[in-house]
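Remember, predicted model here, so these are calculated numbers, not experimental data. Note on naming: letters A, B, ... go to the chains in the order of the sequence lines (proteins, then strands), and numbering restarts at 1 for each one.
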Amino acid sequence: MTPIVEARSISRVFPMPAGPVTALRDVSLSIAAGDYLGVVGPSGCGKSTLLHVLGCVDVPTSGMLLFHDRDVGSLADTERSRLRLREIGFVFQRFFLLPMLTAAENVELPQAEAGAPRAERRRRTMELLEYVGLAARADHRPSELSGGEMQRVAIARALANRPRLLLADEPTGELDQGTGEQIATLLDRLHADGTAVVVVTHDPAIAGRARRLLRMRDGRIVDEAPR
Amino acid sequence: MRALRLAWLTVVRQPARSCLGILGVAAVGALLFDMLLLSRGLILSFRDLLDRAGFDVRVVASDTLPFNGPRLEDATALARLIASLPEVEAVQQVRVADAETASGDFRRRIEFVGADPQARPMWTIVAGQDIAGRGEAALVINRHLAETLRLSPGSSMSLTGRCGEAQGAPPLAFTVAGIAEFPFDTATADTVAGALSAAGRLCGRTTEDTADLLVVRSRPDAGADAAAAAIRRARRDVHVVTSDDLVQQFNRTQFSYFRQISVVLATVTLFFGFLLIAVLLTVSVNQHLGEIATLRAIGLTRRRVVSGIVWESAMLVGAGGILALPLGTALSVWLDRILRSMPGVPTDLHFFVFEPRALVIHALLLAMAAIAAAAYPVRIVAALPIAATLRREAVS
């Protein structure tokens, strides 16, 4: 199957005052449609950096990242933005919803950026909020939602432009166990509906749901196991 | 959702923060607006007073200001000569005399303006009649004198000249024909106007043919400059100034202090406005770095995120700038009243005068402040490393 994204020997080195820190070392990885990949490992092992590079918000210091066979390193900033907008969905541990927008407006934002007509945006937004079980909270602002609800809105936002790849960085990190379970179930459902999902997590319960599990240490993939 | 709408929602859904910013801009904007009104207010008002007199050229004996230098000799012949020039429509001799009248136990000092009763008056009648056709004993008096001495049209009034070395001239009896407003009167001035000859008679100088100045009205098709040039050609020994010359002269000297003060204060207020918005936006941006990085991560371009900040700045400054106008207008009325109450300031002279130009400059300066204020937060947003910010925000 043609990979959505393919990392070829990528490394990422951060220059620091005390000396360079290598967050990724020679990582190669391929993610295809229908994949459900869990990334685990101790703190500071490079999980989030890998996710950022795969999500085109960071560029590798060396190696090559191909997205649908296009070298991401050769793309201009605007083209990378467009790629993220249309092909990639992000879910973060701390949700990062815009506080002045309602749940519906947060979900509508990437669609508007992609140029979707208003009626289509409204329809899609309500569809997504229903999908995550929050249609009744469409007009609520993030400050009026619980942590689990905010994360579900963030997932709806990530799905707004029907991305092929969903990247989730510790999506249950700020949630209690019960709410985390709900989010994990939602990710399962997304995967079942055809979206490739990559989840960085410390939570064994979440990791256990992935079809492939990547273990990282010191910036390297030390183990990759299908489940 | 365009950047404009996103900025609008940011402003309206954070009302406390937005109100703070808008009120701050309104306060400094009001001061800025007032400084712009002050910078040219005196000049505009002075010009208006000169125009209100209905004459656009003044002829005096020397280059000092009228009434401060020597008098024009042989004034009648000079007035006739000037009136005969094709560029001139009308000439009026003006002679000012110091006089006094008995008011209870003390003598009240009065400025007597002598002019040709048949010519167009330099004052505006507000009650009764003008002196034209009423003989040498007719007077018009200003409102202050009328109210203080309880005089009205038909009242009698006795004036004695204060003539320096010629002290001792007998008092002259006058009849008040009307009450008038004089353009350059101060709030406490006691001014009367009567026949030119009466100004001489106050000091017993019945044969003296002098004038403090001649005021000239140019023909509309010739204009003040042409009339002034013609007078200079006809009589090289007199000093001729147009209203424009006078305005420029005052602009360079007497009024320049106000202009300089207004420039300094306008610059300071503009800088405060800039600082206020810059701080507000910078704090706001720094508080929402995670959200901004997320916007970039989910695919909004750098330009879109940056334009959101610029729009937000424009909205805060725009709303504050609009609110500044009524606020500044009210403040200018108040300040104008205070300044005009200073002794020696003509009642009709205003320090703060509105002109459309001030509105345009106000808008331009605030727009510049908005752009400058947005520059630093925009730089933060434009240079924001997405991944590093997300990582930092997640850890914090």
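Taking 4.5 Å as the heavy-atom cut-off, the residues of residues 358-388 of chain B that approach chain A are B:Ile386, B:Ala387, ordered by number. Residues of residues 137-162 of chain A that come within less than 4.5 angstrom of chain B, heavy atom to heavy atom, are A:Arg141, A:Arg157 in numerical order. Using a 4.5 Å heavy-atom cut-off against chain B, the contacting residues of residues 66-78 of chain A are A:Asp77, A:Thr78. Identified by a heavy-atom distance below 4.5 Å to chain A, contributing residues of residues 316-332 of chain B are lacking entirely.
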Audit row: A:Arg12, A:Thr22, side chain to side chain donor-acceptor pair (under 3.5 Å) steps and yes/no: CA-CA 6 Å; A:Arg12 180 65 172 104; A:Thr22 305; over 6 Å; no
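Proximity to chain A is absent for every atom of B:Arg303, based on heavy atoms less than 4.5 angstrom apart. Contact annotation for B:Leu295: only side-chain heavy atoms (C-beta onward) come within less than 4.5 Å of a heavy atom of chain A. The contact between A:Leu98 and chain B is made by backbone and side chain atoms together, counting heavy-atom distances below 4.5 Å.
Between A:Leu166 and A:Leu187, some side-chain heavy-atom pair lies under the 4.5 Å cut-off. Looking at B:Phe351 and B:Met342, their side chains come closer than 4.5 Å, going by heavy atoms from C-beta outward. No side-chain heavy atom of A:Glu105 sits less than 4.5 Å from a side-chain heavy atom of A:Thr125. Between B:Leu265 and B:Ile261, some side-chain heavy-atom pair lies under the 4.5 Å cut-off. Counting heavy atoms from C-beta on, the side chains of B:Val305 and B:Thr301 never come closer than 4.5 Å. You'll find the side chain of A:Leu65 reaches within 4.5 Å of the side chain of A:Cys56, heavy atoms only. Looking at A:Thr179 and A:Thr172, their side chains never come closer than 4.5 Å, going by heavy atoms from C-beta outward. Here the side chains of B:Val285 and B:Ile292 are in contact, with some heavy-atom distance below 4.5 Å.
Classified by interplanar angle (parallel below 30°, tilted 30° to 60°, perpendicular above 60°), the ring pair B:Phe46/B:Phe255 is perpendicular.
With 3.5 Å as the limit, one finds a donor-acceptor pair spanning the side chains of B:Arg296 and A:Ser81. A donor-acceptor contact closer than 3.5 angstrom is absent between the side chains of B:Ser45 and B:Asp48. Under 3.5 Å, the side chains of A:Asp169 and A:Ser48 contain a donor-acceptor pair of N or O atoms.
Environment of CZ in A:Arg124: crowded, with over 12 heavy atoms of neighbouring residues, nucleotides or ligands closer than 6.0 Å. Other residues, nucleotides and ligands contribute over 12 non-hydrogen atoms within 6.0 Å of the CZ atom of A:Phe14.
Here A:Glu113 does not pair with A:Arg84 in a salt bridge; the nearest charged N to carboxylate O distance is not below 4.0 Å.
Between A:Leu51 and the options A:Val198, A:Asp58, A:Val39, a side chain to side chain contact (heavy atoms under 4.5 Å, CB included) holds for only A:Val198.
A:Phe92 and A:Phe90 have their aromatic ring centers within a separation under 6.0 angstrom.
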